[in-house]
Amino acid sequence: MPRPGTDAQPLRVAIVGAGPTGYYAADALLRKEGVVVEVDLYDRLPTPYGLVRLGVAPDHQKIKSVTAAFDKVAASSRFRFFGNVEFGKDVTLADLRAHYHQILYSTGAQTDRRMGIPGEDLTGSHPATEFVAWYNAHPDYRDSEFDLSVERAAVVGVGNVAVDVARILSRTPEELARTDIADHALAALSRSRIREVYLLGRRGPAQAAFTNPEIKELGELEGADVEVRPEEVELDPLSRAAVEQRQDRATRKKVEILQGYARARPAGKPRKLVVRFLVSPVELVGDATGRVVKMRLVRNELSATQTGALQPRATDRFEELPVGLVFRSVGYRGVPLPGVPFNESWGVILNVKGRVLDPDTKRPVVGEYTAGWIKRGPTGVIGTNKPDAAETVECMFEDLAQGAVLQPSHPTAAAAEALVRQRKPTFFSYADWLRLNEIEVSRGRAQGRPRVKFASVEGMLAALGR
Amino acid sequence: MDIARILATKGDTAVTARPDQSIRDGLALLARHNIGALIVVDAAGAPIGILSERDIVREAARNEAVFTRRVGDLMTRDVITGQPHDDLAAVAYTMTDKRIRHLPVMEKGKLVGIVSIGDILKAQRDHYRGEADTLQAMILDPEPGSGR
């Protein structure tokens, strides 16, 4: 059999997951000189872009402009999108093996890590990602409910997601109404009675994962004053030494911004956003009905590991924080895919440089690859997935050159489309998505918003007259 | 970012040797796995040292019989180890500062992987590239938020 990658027999690749990594991988595959590649990009949702649409905060539209580059990739005649088609349900691994030479998984990190403390499952305690998916109109989360009638909310964690959640909780209805936040979230947040929002970091300001623009943005909120305790942003000797040794200007700046907040006098805005450091929740306490009413915190101090990394160590000092709503944002994990080897320790697909490994032999599984957060874990910005996807694609072409690809029985674009049409008649093509996008944008234009999102698959289908 | 993210794309094992193995065996392992260091473990699998290509080169420069020496004779003891949640920045500084090229990573007393200075450089490079690329996409887009 001739090696695939020619006009007569293109290399057929299925990518599972249409987030940024899926596009970066498709781009690297389609750009390869001397090899004819056809890419089918699958997603379980009708809409592409993954977390750019459903994770990036609605008041950060500028970041979403990266989708222009994705649409350019999709314009290739050798690229197709099969949206609303779920791997493992609508199409199986066996189906893909029968239709493609190579399969790449880029499904991201879809679950929250748990805090592992008593009371974590009380009513009013949620994963931060559930709130994010809800305000971004993810169809699976449109019916989620959050009790915004309470006075205080706490967000556990100081990463980008935690800051997004705290900021959205602190925005005024007018600020939110200018964004593409889900209509149901805009309505609920406009009635919010939350007065105080707490961001809780287990380490100090120098170790916080949020970026300087993000922490600066908090000081520009129309309806909330930022409050920071002076003693919590005074650097401990270990942190100070680390910043100085490494001449870490970004961290020095971060601490300065926070110290500025500690000195500032509140402007009397209706809400308060409190950023705390060196505290960890040890228990959520509920009332008789099982609703969270307060949180017990332990004060931490920092100690250095052998490599000089600073880790928190609990002291014997505790405090209580009355809160009616808790969001945990303490890390993310990938979700295993049916039939795909998983590395439980790191919460990723078992892989070397993106080649999926057989757990028993530790040898690569022919034809299966991974990229993005499900390959390395949730880290970096959107663009970090580009070099990551490029590394995987390089492995894919190396293996092709060795002849180590699947031997599909139906290696044609027509056969794959027939399969999808049969399994999921309501699949979305890229043309379908572009039409839906135009409808969303024009609905937004009427309200002075970037777009008004559809929050249900039925609504999306109806909008296209299907 | 922590160094667990580096280990995530390196499979789930570190290549190990026993102290009583010969240097010839050790070299064969280095060559077969295309790596620069072996973690030396005792009978219970606990790390007791690290054998790097440098350790072997140093001995070879003065001893023709280097191949028959034992791994345990040439290995470096008192090895600095990392933890999966150590920050990349801290590890990068310490490895550069102390001239460490291979860092065994331990979790709850168990060896869970090895991070090389090359891994660290690659992770930092990809991090900076990613940031630059994301910023570029934001700056160059003529119509932010149009979704197109």
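Chain A is the first sequence line, chain B the second, and so forth, proteins listed ahead of strands; every chain is numbered from 1.
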Between Leu103(B) and chain A, with a heavy-atom cut-off of 4.5 Å, which part of the residue counts as in contact: side chain, backbone, both or neither? side chain

With a 4.5 angstrom heavy-atom cut-off, which part of Asn343(A) approaches chain B: side chain, backbone, both or neither? side chain

Quick check on Pro20(A) against chain B: is it the side chain, the backbone, both or neither that has a heavy atom closer than 4.5 Å? neither

Before accepting this row, confirm whether a basic side-chain N of the pair Lys122(B)/Glu391(A) lies closer than 4.0 Å to the acidic partner's carboxylate O. yes

Sort Lys362(A) into side chain, backbone, both or neither according to what part of it lies under 4.5 angstrom from a heavy atom of chain B. side chain

Can you tell me how the ring of Phe70(A) sits relative to the ring of Tyr23(A), calling it parallel under 30°, perpendicular over 60° and tilted otherwise? parallel

Tell me, for Val115(B) versus chain A, whether the close heavy atoms (under 4.5 Å) come from the side chain, the backbone, both or neither. neither

As an exercise: rank Met95(B), Arg5(B), Arg125(B), Met1(B) by heavy-atom pairs under 4.5 Å with chain A and give me the winner. Arg5(B)

When the 4.5 angstrom heavy-atom criterion is applied to Glu131(B) and chain A, the contacting part is both

Rounding to 0.5 Å, atoms CD1 (Ile80(B)) and CD1 (Ile50(B)) come to a distance of 11.0 Å

If one checks every heavy atom of Gln306(A) against chain B at 4.5 Å, the contacting part turns out to be both

Leu357(A) versus chain B, the contacting section by heavy-atom distance below 4.5 Å: side chain

Side chain, backbone, both or neither of Arg449(A) within contact of chain B (heavy atoms, under 4.5 Å): neither

Could you check which of Ala132(B), Ala4(B), Ala8(B) has the highest count of heavy-atom pairs closer than 4.5 Å to chain A? Ala8(B)

Summary of side chain to side chain donor-acceptor pair (under 3.5 Å) pairs that have at least one residue in residues 104-120 of chain B, sequence neighbours excluded: Lys10(B)-Asp119(B), Ser116(B)-Asp119(B)

Proximal component of Ile382(A), with respect to chain B [non-hydrogen, under 4.5 Å]: both

